[in-house]
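Encoded as structure tokens, the structure appears first; notes follow it.
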Amino acid sequence: MNSSEVTKNDRAWAQLFDKYRILENIERNGYFEITSAQINQFREARLMTKFDHRVNLPSMFAENNLAILPVTRGKYIISHFEAYKDFEHSTAEVTRISLPEHIESIDCENISSESVAINCAYVSGILADFLEDEELFPTVSGRMSSGSFSFYIENTLSKSKVEVNVENSQIEIDGGYEGTKILSLIEAKNYISDDFLIRQLYYPFRLWRSKLVKKIIPVFLVYSNGIFSLYQYEF
């Protein structure tokens, strides 16, 4: 996100907070629901609601310890909840790997996208080693509906629980790999950051946990400076 987009988002969200008295409503009810139609009055909702890291949050959110989550394809919830998880610093020794000799279409010196990074991790055996399953196959990926589910998230100021009801929100899975006993859902980035948006792992986890008997394993994969870092999470 460049500086001009940040400025436009800051300005638009300040107008929305003023028009709908969002802070007062959150103080009174613990949260505030807002629709895409309301957001679109000031700026396109698609540009106003996706913040992959805390540093991307508009000033009204950052200054008031707020985050936003989608609950349907056209509605969002704003509250004092912690929507981000800090990456743990790893001291693990780096293991060197190589691609199979017959793979020519992937250039390890030029991995420029998340999809290529995932493919590289798969064909090189990184995923099989990390997930301890030699029978992994690529299955689900791309955009899909989240289905319907509910969860509770803590209001970080009042310490009360806010119930969030999700119904057919749009999700995107960068890579899904199914083995003999597990389905691993992967979110990938080709840059290093301090944290990530938990929803990117949790919403796909809830969708596929309701569909399969197998264990669902959410994994965050980071490729940067020639190094693959993989983080496994549980909910």
Side-chain angles (χ1 to χ4, degrees), residues 1 5-88 144-172 185 187 193-210 216 218 220 233-235:
M1 182 179 297
E5 288 176 327
V6 170
T7 300
K8 291 177 181 177
N9 277 347
D10 285 344
R11 185 183 304 114
W13 273 114
Q15 293 171 315
L16 283 163
F17 270 71
D18 181 60
K19 178 174 182 177
Y20 295 105
R21 307 182 68 83
I22 291 176
L23 289 178
E24 291 91 331
N25 275 285
I26 293 173
E27 179 72 22
R28 181 167 58 251
N29 303 316
Y31 65 91
F32 180 77
E33 289 190 347
I34 191 167
T35 66
S36 294
Q38 291 171 317
I39 297 172
N40 286 336
Q41 294 173 358
F42 296 93
R43 193 164 191 246
E44 188 178 350
R46 177 181 60 86
L47 303 173
M48 290 272 284
T49 56
K50 188 176 184 296
F51 311 111
D52 287 350
H53 312 286
R54 287 191 191 96
V55 70
N56 301 138
L57 287 169
S59 56
M60 290 298 296
F61 287 80
E63 293 168 4
N64 292 283
N65 191 31
L66 295 170
I68 184 169
L69 291 174
V71 291
T72 71
R73 286 185 181 270
K75 184 182 293 184
Y76 304 84
I77 185 172
I78 302 172
S79 185
H80 297 290
F81 42 63
E82 183 51 79
Y84 299 89
K85 168 67 176 174
D86 291 331
F87 282 116
E88 298 83 0
M144 58 195 74
S145 172
S146 69
S148 300
F149 60 90
S150 300
F151 64 95
Y152 287 93
I153 189 167
E154 185 178 78
N155 181 309
T156 55
L157 293 188
S158 68
K159 302 304 180 182
S160 60
K161 298 293 184 181
V162 177
E163 184 176 14
V164 179
N165 299 298
V166 178
E167 185 170 351
N168 298 323
S169 176
Q170 181 174 279
I171 64 172
E172 184 166 4
L185 303 175
E187 175 70 21
S193 60
D194 294 329
D195 53 44
F196 69 92
L197 183 59
I198 299 170
R199 168 182 66 80
Q200 293 178 318
L201 289 180
Y202 185 67
Y203 282 25
F205 166 78
R206 287 299 303 267
L207 169 65
W208 286 98
R209 191 182 70 169
S210 68
I216 308 300
F220 206 104
Y233 293 94
E234 292 186 353
F235 295 109

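As the structure is a computational prediction, the values presented were derived from the model and not from experiment.
Atom-to-atom distance recorded for I216:CD1 and E234:CD is 12.5 Å, nearest 0.5 angstrom. Atoms CZ and CG, from F51 and N56 in turn, are 8.0 Å apart once rounded to the nearest 0.5 Å.
Remark: the backbone N or O of S59 is not paired with any side-chain donor or acceptor of W13 at under 3.5 angstrom. Between the N25 side chain and the R21 main chain, a donor and an acceptor come within less than 3.5 Å of each other. S169 places no side-chain N or O within 3.5 Å of a backbone atom of V166 that could act as its donor or acceptor partner. Remark: the backbone N or O of G30 is paired with a side-chain donor or acceptor of S79 at under 3.5 angstrom.
E167 pairs by the salt bridge (charged side-chain N to carboxylate O under 4.0 Å, His left out) definition with nothing, not counting sequence neighbours. For the ring-ring contact (aromatic ring centres under 6.0 Å, His included) test, residues two or more places apart in sequence or in another chain that qualify with F235 are Y202, F205. Under the rule for a salt bridge (charged side-chain N to carboxylate O under 4.0 Å, His left out), the partners of R54 that lie at least two apart in sequence or sit in another chain are E82, D86, D195. Under the salt bridge (charged side-chain N to carboxylate O under 4.0 Å, His left out) criterion, K161 pairs with no residue, sequence neighbours left out. Among residues two or more places apart in sequence or in another chain, the ring-ring contact (aromatic ring centres under 6.0 Å, His included) test is passed with Y203 by F149. Checked against side chain to side chain donor-acceptor pair (under 3.5 Å), E27 has no partners two or more places apart in sequence or in another chain. Residues passing the side-chain contact (heavy atoms from CB on, under 4.5 Å) test with Q38, sequence neighbours excluded: Y20, I34, T35. Among residues two or more places apart in sequence or in another chain, the salt bridge (charged side-chain N to carboxylate O under 4.0 Å, His left out) test is passed with R46 by E44. Partners of N165 according to the side chain to side chain donor-acceptor pair (under 3.5 Å) rule, which considers only residues two or more places apart in sequence or in another chain, are S150. Checked against ring-ring contact (aromatic ring centres under 6.0 Å, His included), F87 has the following partners two or more places apart in sequence or in another chain: F196, F220, Y231.
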For residues 61-75, dump all side-chain donor-acceptor pairs below 3.5 Å to protein atoms at least two apart in sequence or in another chain.
{"unit_1": "N64", "atom_1": "ND2", "unit_2": "M60", "atom_2": "O", "d": "2.8"}
{"unit_1": "N65", "atom_1": "ND2", "unit_2": "T156", "atom_2": "OG1", "d": "2.8"}
{"unit_1": "T72", "atom_1": "OG1", "unit_2": "G74", "atom_2": "N", "d": "3.1"}
{"unit_1": "T72", "atom_1": "OG1", "unit_2": "K75", "atom_2": "N", "d": "3.0"}
{"unit_1": "R73", "atom_1": "NH1", "unit_2": "Q170", "atom_2": "OE1", "d": "3.2"}

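Contacts classified as ring-ring contact (aromatic ring centres under 6.0 Å, His included) and involving residues 22-44 (residues at least two apart or in different chains) are not found.
Under a 4.0 Å N-O distance rule, the pair K50/D52 qualifies as a salt bridge.
Y84 places none of its side-chain heavy atoms less than 4.5 Å from the side chain of I198. For the pair K19 and Q41, the minimum side-chain heavy-atom distance is below 4.5 Å. Looking only at side-chain heavy atoms (C-beta outward), L16 and M48 come within less than 4.5 Å of each other.
A donor and an acceptor atom, one from each side chain of S145 and N168, are located under 3.5 Å apart.
Within 6.0 Å of atom CD in E88, more than 12 heavy atoms from other residues, nucleotides or ligands are found, so the atom counts as buried in its surroundings.
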*Decide side-chain contact (heavy atoms from CB on, under 4.5 Å) for L185 and L201; before the verdict, give the C-alpha distance in whole Å, the side-chain angles of both, and the deciding distance to 0.1 Å.*
CA-CA 8 Å; L185 303 175; L201 289 180; 5.9 Å; no
